[in-house]
Amino acid sequence: MPLKVYNTATRSLDLFVPLEEGRAKVYACGPTIYDHAHIGNFRAFLFYDLVHRYLEWKGYEVRFVMNLTDVDDKTIKGAVAAGSSVGEFTRQFGDLFLADCATLGIVPVDRYPRATDYIGPMIDFIGRLIESGHAYQADDGAVYYSIASFERYGKLKGIDLDSLKVGARVSHDEYEKEDARDFALWKVASEEDEVASAAWDSPWGRGRPGWHLECSVMSVTELGDTLDMHLGGEDLVFPHHENEIAQSEAATGKPFSRNWLHVKHLQLEGRKMSKSLGNFITVRELLEEGFGPASIRHQLLGAHYRSELNFTREGLNASKSAVQRLVDFDDRVRALPTGQAATATDLQTISETALDAFAAAMDDDFNTSDALAALFMFVSRANAAFDAADVVLESDRNAVREVLGSMDRVLGLLEVARASRAVDDDLALWVDLKIQERADARARRDFAAADGIRDELSARNIVLEDGAGGTRWKVVD
RNA sequence: GGCGCCGUGGCCAAGUGGUAAGGCGGAGGACUGCAAAUCCUCUAUCCCCGGUUCGAAUCCGGGCGGCGCCUCCA
């Protein structure tokens, strides 16, 4: 089945056709590492991960690059305040970011380029733009990109160039939307830049690269002139991505990205999350509040990436229950007794149908809500089939296992839930002992003692389940 | 003020012309010593009004309501 994606550039659902068959080159705008990433950032990063996982799931040979912005107004400001260089200052936040990614089960990408490692290529890139008449050094010493030199400027956002003031200059990174003007490619080094070791020599004097330039150069350097997909948050459409297109296409003469996908910003407890409102929250804080990473993942995947998503504690609790249902199902499948005398089931059909529905949902512009529905429908039907049969065929059990595992390679819910529930051997031994004690108590019908033990375990997030084959236990969030 | 999006059960959320997915929660039942897990049953006519159509949550018009971007942000 073909994958269709909503392309911001065409404003339509387009068939995903990479430049080279079977290969997918993806570039995603990563975080500016001057602070902790918050839950809103992770809606985008988790979407990147979903794209990454699904393209691989479909068999593409994926080359995925996500930058970590380490040179811009904010990192320099932070470094100066901290009395360190941008390199030192951003390293800690880069590490914290990658740690959060790992917690949430975000699969590592192929490269995490940082601007400071690409100063040489950036200088070359600017040189090419000046030679071809797309950039100029101004009286203030900075090098600017000439918007008027690129006729397609404004195409991505769909803005009317005539209505824009062209010719004025913007030297700061903190961009101004709806006010397209020539933007800086190379900035004259300020005193702060020097203090933060964020200044380099160039043919145009001491300075540093402009933010928009960084992404163009890193993507082209790492992935070639034309990308198959470029991902980012909705706020980046203009001017950041518009500028990337202008720079890259002017420099290479080739189409920059075949598809542009943008994630909508989320709401937090019904409100926009922003620093001015003081209501942004980090992954770490949520974990401290006791929410599991799989619950966070589930809630963020619960709504389609282009639609509104209101991230709430209440929703997180609902997600926790949903994830537990999956884990319970996975446990059941793993421990399921199989045999030849089994009753015939239609588990093969249930499995195939579920996987088809799942793939169809994902192919439809990554419709995760629909994909989750396919997963949970599968869980219900398989559970019912298990209940109806005394024993199932091993091949049927395996079909279910494979489909569950297959879906989770994309969704990563079980994977993350398992990782956060790992138990050490000592604990397992202790629990087994307690279960034996309880079994003895039950055998002599001393239910008060039995319930006491169950409560003791429950206090440690260990839940018991008495079944036909004895008592099983599990760790819950 | 400009541009755009949205309004589906108690909550979250799919569904863009053919008679309402899924999750959470709730009620009842089966199972259990009691639970837990699981299963079964029940729990919405899609903000309002008008229009188009054989037929609309889905299209058009008008209201009302919420939100986003235009300012830092993914």
Side-chain angles (χ1 to χ4, degrees), chain A residues 28-32 34-35 37-48 66 69 72-74 157-160 163 172-179 231-238 240 262-267 270-277 280 298-299 301-312 314-329 331-332 357 361 364 367-388 441-442 445-448 450-451 454-455 458 463-468 471-474 476:
Chain A
C29 280
T32 299
Y34 71 108
D35 199 351
H38 54 64
I39 194 64
N41 299 125
F42 276 102
R43 179 184 197 185
F45 304 143
L46 219 46
F47 173 65
Y48 300 168
M66 174 166 72
T69 298
D72 84 324
D73 296 348
K74 293 187 290 289
K157 175 74 173 177
I159 51 177
D160 179 11
S163 71
H172 50 83
D173 290 333
E174 294 174 2
Y175 53 77
E176 299 175 20
K177 295 163 194 177
E178 300 303 331
D179 190 11
L231 314 176
E234 61 174 345
D235 59 307
L236 298 179
V237 178
F238 187 87
H240 186 56
H262 293 98
V263 192
K264 195 173 178 73
H265 285 189
L266 61 64
Q267 307 272 301
R271 305 191 68 188
K272 170 194 175 171
M273 183 164 40
S274 72
K275 301 221 158 157
S276 55
L277 289 172
F280 69 99
H298 181 267
Q299 185 170 193
L301 292 178
H304 183 82
Y305 76 95
R306 284 189 289 113
S307 68
E308 216 170 76
L309 186 154
N310 183 13
F311 193 89
T312 64
E314 187 186 355
L316 225 31
N317 281 320
S319 288
K320 175 180 166 179
S321 300
V323 168
Q324 190 60 51
R325 179 168 164 81
L326 288 180
V327 172
D328 287 340
F329 178 68
D331 281 343
R332 181 176 193 184
D364 183 19
N367 191 334
T368 45
S369 297
D370 226 4
L372 284 168
L375 169 60
F376 281 94
M377 187 91 91
F378 170 57
V379 170
S380 289
R381 288 185 177 160
N383 265 326
F386 293 158
D387 278 2
R442 291 178 75 206
R445 302 193 67 79
D446 181 358
F447 296 121
D451 290 349
R454 188 165 62 195
D455 291 343
S458 169
V463 174
L464 301 185
E465 292 175 8
D466 298 325
T471 300
R472 305 191 317 115
W473 63 280
K474 67 187 181 191
V476 297

Task: Set of residues satisfying ring-ring contact (aromatic ring centres under 6.0 Å, His included) with respect to A/Y48, sequence neighbours excluded - done: A/F45
Open item on the list: Among residues at least two apart in sequence or on other chains, which ones pass ring-ring contact (aromatic ring centres under 6.0 Å, His included) with A/Y305?
Closed with: A/F47
Open item on the list: Quick one, A/K474 with A/D331, criterion salt bridge (Lys or Arg N to Asp or Glu O under 4.0 Å). Give me CA distance, side-chain angles, the key distance, then yes/no.
Closed with: CA-CA 9 Å; A/K474 67 187 181 191; A/D331 281 343; over 6 Å; no
Open item on the list: Quick check for you: among B/rA21, B/rA74, B/rG23, whose closest atom lies nearest to any side-chain atom of A/F376?
Closed with: B/rG23
TODO: Check every atom of B/rC24, B/rG23, B/rC73 against the side chain of A/H298 and return the nucleotide holding the closest atom.
DONE: B/rG23
For [N] and [M], measure between their [atom1] atoms and round to the nearest Å.
N: B/rC69; M: B/rG28; atom1: P; result: 45 Å
N: B/rC70; M: B/rA37; atom1: P; result: 45 Å
N: B/rG62; M: B/rG26; atom1: P; result: 44 Å
N: B/rC47; M: B/rU8; atom1: P; result: 6 Å
N: B/rG23; M: B/rU32; atom1: P; result: 26 Å
N: B/rA20; M: B/rG9; atom1: C1'; result: 10 Å
N: B/rG63; M: B/rG17; atom1: C1'; result: 24 Å
N: B/rG10; M: B/rG29; atom1: P; result: 24 Å

Open item on the list: Base contacts versus sugar-phosphate-only contacts with protein, heavy atoms under 4.0 Å: please encode nucleotides 32-45 of chain B as B, S and - from 5' to 3'.
Closed with: -BBBBSSS------
Open item on the list: Please encode protein proximity along nucleotides 6-19 of chain B as a string of B, S and -, counting only heavy-atom distances under 4.0 Å.
Closed with: -----S-SSS----
- [ ] Decide salt bridge (Lys or Arg N to Asp or Glu O under 4.0 Å) for A/E308 and A/K264; before the verdict, give the C-alpha distance in whole Å, the side-chain angles of both, and the deciding distance to 0.1 Å.
- [x] CA-CA 7 Å; A/E308 216 170 76; A/K264 195 173 178 73; 5.5 Å; no
TODO: Using the test side chain to side chain contact (heavy atoms under 4.5 Å, CB included), find all partners of A/A318 that sit at least two apart in sequence or belong to another chain.
DONE: none
Task: Under the side chain to side chain contact (heavy atoms under 4.5 Å, CB included) test, residues paired with A/A357 that sit two or more places apart - done: A/A374
Any strand counts, and the cut-off is 3.5 Å on both contacts for Watson-Crick or G-U wobble. Which nucleotide pairs with [N]?
N: B/rA27; value: B/rU41
N: B/rC34; value: none
N: B/rC54; value: B/rG18
N: B/rG9; value: none
N: B/rG61; value: B/rC49
N: B/rG1; value: B/rC70

Open item on the list: Would you compute the distance between atom CG of A/L309 and atom CD1 of A/I39 and round it to the nearest 0.5 angstrom?
Closed with: 9.5 Å
Open item on the list: Under the criterion salt bridge (Lys or Arg N to Asp or Glu O under 4.0 Å), I'd like the reasoning laid out for A/R442 against A/D466: C-alpha separation, chi angles, the key distance, then a yes or no.
Closed with: CA-CA 11 Å; A/R442 291 178 75 206; A/D466 298 325; 3.5 Å; yes
- [ ] Scan A/L266 against the nucleic acid and name what it touches under 4.0 Å (heavy atoms): base, sugar-phosphate only, or nothing.
- [x] base
TODO: Measure the distance from CG on A/L375 to C1' on B/rA21 and round it to the nearest whole Å.
DONE: 13 Å
Task: Check against side-chain hydrogen bond (donor to acceptor under 3.5 Å, both in side chains), A/T471 and A/R454 - done: CA-CA 11 Å; A/T471 300; A/R454 188 165 62 195; over 6 Å; no
Open item on the list: Does a side-chain N or O of A/K74 approach OP1 or OP2 of B/rC73 to a distance below 4.0 Å, or not?
Closed with: yes
Task: Parallel, tilted or perpendicular: ring planes of A/F386 versus A/F329, cut at 30 and 60 degrees - done: parallel
TODO: Name the residue closer to the 5' end of RNA chain B, choosing between A/G232 and A/A373 according to the nucleotide with the nearest heavy atom.
DONE: A/A373
